Q: 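Okay, here's the structure, questions in a sec.
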Amino acid sequence: MKRPALVVIAISTLADCASLYSISSSISPGGDVFDGFMSYSIEFSSFPDFAGNHSSPNTYSDALLRNIADIIGSKPYIRVGGNTQDYALFNVSLPYALNGTYDFARSSDYPTTIYIGPSYFESYDTWEDVKFSHGFNLGLGGNNSAGWQTLLDTVPLTCKALRGKLYIWQYGNEPDLFSTSTHGIVRPPSWNEKTYIEQWQNGTRAIKSLIQDHCPDLLDDGSYGYLAPAFAGVGNKLKAPAAWAAGLNSNKDITLFSTHNYISGAESPGVTLQSTLMNHTNTIRSITAHVNEYQSIHSSDPSAPPPIFGEHNSLYNQGRPGLSNTFGAALWGLDFNLYAAAAGLKRVHMHQGTNYRYASWQPIDTPNATLGTKAPYYGNIAVAASLGNTVVSPAAVAHIPPATKQDKEAVYAVYTHNGTTLARIVVINLHSYNTTVDGAGTVSVVDPPPRPIRSFAFTSTGSSDTTPAMKKGTALKIQRLLANGTDAISGITWDGWSYNYELDRGRPVRMGNVTTGETVEVEEQGGFTVGVPDGSAVLIHVDDGDGEGTYDSEGENRVSTRTSADGKGEYMCDL
């Protein structure tokens, strides 16, 4: 049995050089995220790999989804779509789910000529208690007879497959790139918002009519609606504010304003782990562009539906090895998703695909990748733990700026009970710490340098009456997101838990070589200091009145005893 590398952390509090943060005991109401905030988008061509089928369901993927549900109270919502939804045509005679042909001049990561058969829709039956959105083909369906016939043929199959499990519909993926995409241009240079709206509304009217004929219950139950416009970004040829102003939602059938985000590109010049992903200022800048876009729409149309990231991840073009698959990317994901929540995004769908470098897990063995849980998944778990059980206690997130600007640290406060209760504090230390040769994540450095531990000092602006847990002498529980370094691609744990496939097929296993059960004492009324090693994160529990998520389910005890390991070393604090 393969086990993660030893993670040994010695904690020292160095208050003399601590970053200072002031935390309010409450925030304005109305900022709660949606249930299932930590959700996923799965590439259309990869969905059968991730979910399996009737004869061979992918129980490993399901275990990973269940882990998140055990923490936040519901399984992630799954959006099935991406670029390949706009390449997929239907072949009623195809004896298997999907036949894809690769054109390496367009993409080496997914097929660009795709046919799906009736058994494709079996994949929607393999995961219990999951809500799905299905992406229909606008890329070919809007101006191609075969694509239009695919829409007519697949709407009845899809709506029947999604009875009782429908999240929402989507028609077209990233149409703002249809006339410019390097993966295949499907519209002329004259493509504009007006033509897009005409084709989108023509297709959505057909979808509604077909649902009325074949699954009228999906109209009567109020679940009919769309993720849109699902644009790739804010700077492409088509602009979301212009599309909205031109009447995209004139039928009032867009129920979630969906936008997509990638912090940069896998092949973009100058991309590094520290400067691109583990850079809090970069994250703020990227998300703020989307927030500003949405606010411009909402200011002119107050009835605009709430915003989500319908697809996002680290680096577009499926990520880069040594960056998107590292522990540093897990820390980035924790920072990005919590900042998105603080900025008003109500749900996030992190994009996944077979063999994708930024994927949270590889669902099957292929010649290019080994089945298994990848570093970013641990960041997803940490996001879920930060929010807690949002079914029991809806949560809102506040970004807490430091006393002095820092690119390499991020702090968030999580509130429950409509913003009146400070429940948890998240600290992310984004300073890189590498322990492998050239930061490649594979060959360990024989004698790595001591790992710096930086101190974070907190004060609460509330009284002991409003935040009783912050009373002097109180011991606050803490949990850590850890690996041997930000370049690590294995040996990663959340609060001592490993979700490796080879340990228990993705179910949580408590590791005996990681310190757990730590607390930090409130030193002064409303104040405490916590040490956070470079390239790691900590969750501080202030008021968990709603209770913690456990791993007990269906009578199965998945919790083992806590163990600890002592570490020694020299540590420094250099802010």
Side-chain angles (χ1 to χ4, degrees), residues 1-7 40-43 45-53 56-68 82 84 97-98 100 102 104 107-111 123 126-127 266 273 313-315 317-330 332-333 350-381 434-444 482-494 497-509 511 513:
M1 181 181 291
K2 181 180 178 182
R3 291 188 177 274
L6 182 67
V7 178
Y40 294 104
S41 164
I42 297 178
E43 188 66 53
S45 62
S46 299
F47 182 50
D49 295 337
F50 276 80
N53 56 29
S56 183
N58 194 318
T59 57
Y60 164 56
S61 291
D62 192 44
L64 296 180
L65 298 177
R66 179 183 166 194
N67 294 337
I68 293 176
T84 54
L98 184 144
Y102 285 76
F104 294 130
S107 174
S108 59
D109 290 314
Y110 50 70
S123 295
T126 63
W127 296 337
L273 190 59
N313 215 305
S314 58
L315 304 174
N317 289 343
Q318 293 70 62
R320 183 191 293 184
L323 278 76
S324 302
N325 62 337
T326 66
F327 183 60
W332 164 81
M350 295 198 75
H351 198 51
Q352 313 296 311
T354 307
N355 300 330
Y356 286 13
R357 275 73 64 190
Y358 55 50
S360 294
W361 71 96
Q362 170 72 7
I364 60 172
D365 281 314
T366 73
N368 298 321
T370 301
L371 179 152
T373 311
K374 302 172 72 173
Y377 180 76
Y378 290 84
N380 306 160
I381 287 286
N434 294 335
T435 59
T436 61
V437 176
D438 297 326
T442 53
V443 180
S444 297
L482 288 172
N484 273 348
T486 49
D487 52 349
I489 58 175
S490 62
I492 300 159
T493 59
W494 163 252
W497 296 102
S498 173
Y499 302 91
N500 281 8
Y501 175 83
E502 57 267 31
L503 294 180
D504 195 12
R505 298 178 62 88
R507 292 181 286 269
V509 174
M511 307 307 295
N513 55 5

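None of the values given here were measured: they were computed from a predicted structure. Values reported hereafter were calculated over all heavy atoms of this structure, with side chains retained and with hydrogens, waters and symmetry mates removed.
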Q: Sort and list the pairs that fulfil salt bridge (Lys or Arg N to Asp or Glu O under 4.0 Å) and have at least one residue in residues 350-364, not counting sequence neighbours.
A: Asp109-Arg357
Q: Does any donor atom in the side chain of Thr436 or Asp487 lie under 3.5 Å from an acceptor atom in the other side chain?
A: yes
Q: Any chance you could measure Arg507, atom CZ, to Ser498, atom OG, to the nearest 0.5 Å?
A: 13.0 Å
Q: Determine whether a donor-acceptor pair (N or O, by modelled atom type, separation under 3.5 Å) exists between the side chain of Asn313 and the backbone of Met350.
A: no
Q: Which residues pass the side chain to side chain contact (heavy atoms under 4.5 Å, CB included) test with Ser123, sequence neighbours left out?
A: Phe47, Pro48, Ala51
Q: Between Tyr378 and Leu482, is there a donor-acceptor pair closer than 3.5 Å when you use the side chain of the first and the backbone of the second?
A: no
Q: Just by modelled atom types, is the Pro376 backbone N or O under 3.5 Å from a matching donor or acceptor in the Asn380 side chain?
A: yes
Q: If we check ring pair (Phe, Tyr, Trp, His ring centres under 6.0 Å) with Tyr40, which of these qualifies: Trp361, Phe50, Tyr377?
A: Trp361
Q: On a heavy-atom basis, which atom in Ala488 and which in Asn484 lie closest, and how many Å separate them?
A: CB-N, 4.5 Å
Q: Go through the structure and list residues passing side-chain hydrogen bond (donor to acceptor under 3.5 Å, both in side chains) with Trp127, not counting sequence neighbours.
A: none
Q: Taking all atoms of both residues into account, what is the closest heavy-atom pair of Ala483 and Ile492, and its distance?
A: CB-CG1, 3.7 Å
Q: My understanding is that only residues two or more places apart in sequence, or in another chain, count here; which of them pass side-chain hydrogen bond (donor to acceptor under 3.5 Å, both in side chains) with Asp49?
A: Thr354
Q: Going by side-chain hydrogen bond (donor to acceptor under 3.5 Å, both in side chains), name the residues that satisfy it together with Thr373, two or more places apart in sequence or in a different chain.
A: Tyr60
Q: Can you measure from CG (Leu64) to OH (Tyr501) and round to the nearest 0.5 angstrom?
A: 11.0 Å
Q: For residues 366-376, pull every pair meeting salt bridge (Lys or Arg N to Asp or Glu O under 4.0 Å), keeping only residues two or more places apart or in separate chains.
A: none
Q: Report the distance from atom CG of Asn513 to atom OG1 of Thr493, rounding to the nearest 0.5 Å.
A: 8.0 Å
Q: Evaluate side-chain contact (heavy atoms from CB on, under 4.5 Å) for Ile68 paired with Ile381, printing each intermediate quantity in order.
A: CA-CA 6 Å; Ile68 293 176; Ile381 287 286; 3.9 Å; yes
Q: Apply side-chain hydrogen bond (donor to acceptor under 3.5 Å, both in side chains) to Asn53 and Thr126, showing your working.
A: CA-CA 6 Å; Asn53 56 29; Thr126 63; over 6 Å; no
Q: Working to the nearest 0.5 angstrom, can you tell me the gap between Thr326 OG1 and Leu273 CG?
A: 4.5 Å
Q: Where the side chain of Asn500 meets the backbone of Leu503, is there a donor-acceptor pair that is under 3.5 Å apart?
A: no
Q: Taking only residues two or more places apart in sequence, or in another chain, which ones meet Thr366 in a side-chain hydrogen bond (donor to acceptor under 3.5 Å, both in side chains)?
A: Asn355
Q: Could you grab the distance from atom OH of Tyr102 to atom OG of Ser45, nearest 0.5 Å is fine?
A: 6.0 Å
Q: Can you name the ring pair (Phe, Tyr, Trp, His ring centres under 6.0 Å) partners of Phe327, sequence neighbours left out?
A: none
Q: Could you walk me through whether His351 and Tyr358 pass the side-chain contact (heavy atoms from CB on, under 4.5 Å) check?
A: CA-CA 8 Å; His351 198 51; Tyr358 55 50; 3.3 Å; yes
Q: Looking at OG of Ser61 and CZ of Arg66, how far apart are the two atoms once the value is rounded to the nearest 0.5 Å?
A: 14.5 Å
Q: Can you see which heavy atom on Ser324 is nearest to which on Ala329, and at what distance?
A: O-CB, 3.4 Å
Q: Does the plane of the ring in Tyr110 sit parallel, tilted or perpendicular to the ring in Tyr356? Use 30° and 60° as the thresholds.
A: tilted
Q: What is the minimum heavy-atom distance between Ala63 and Gly506, and which atoms define it?
A: CB-C, 4.5 Å
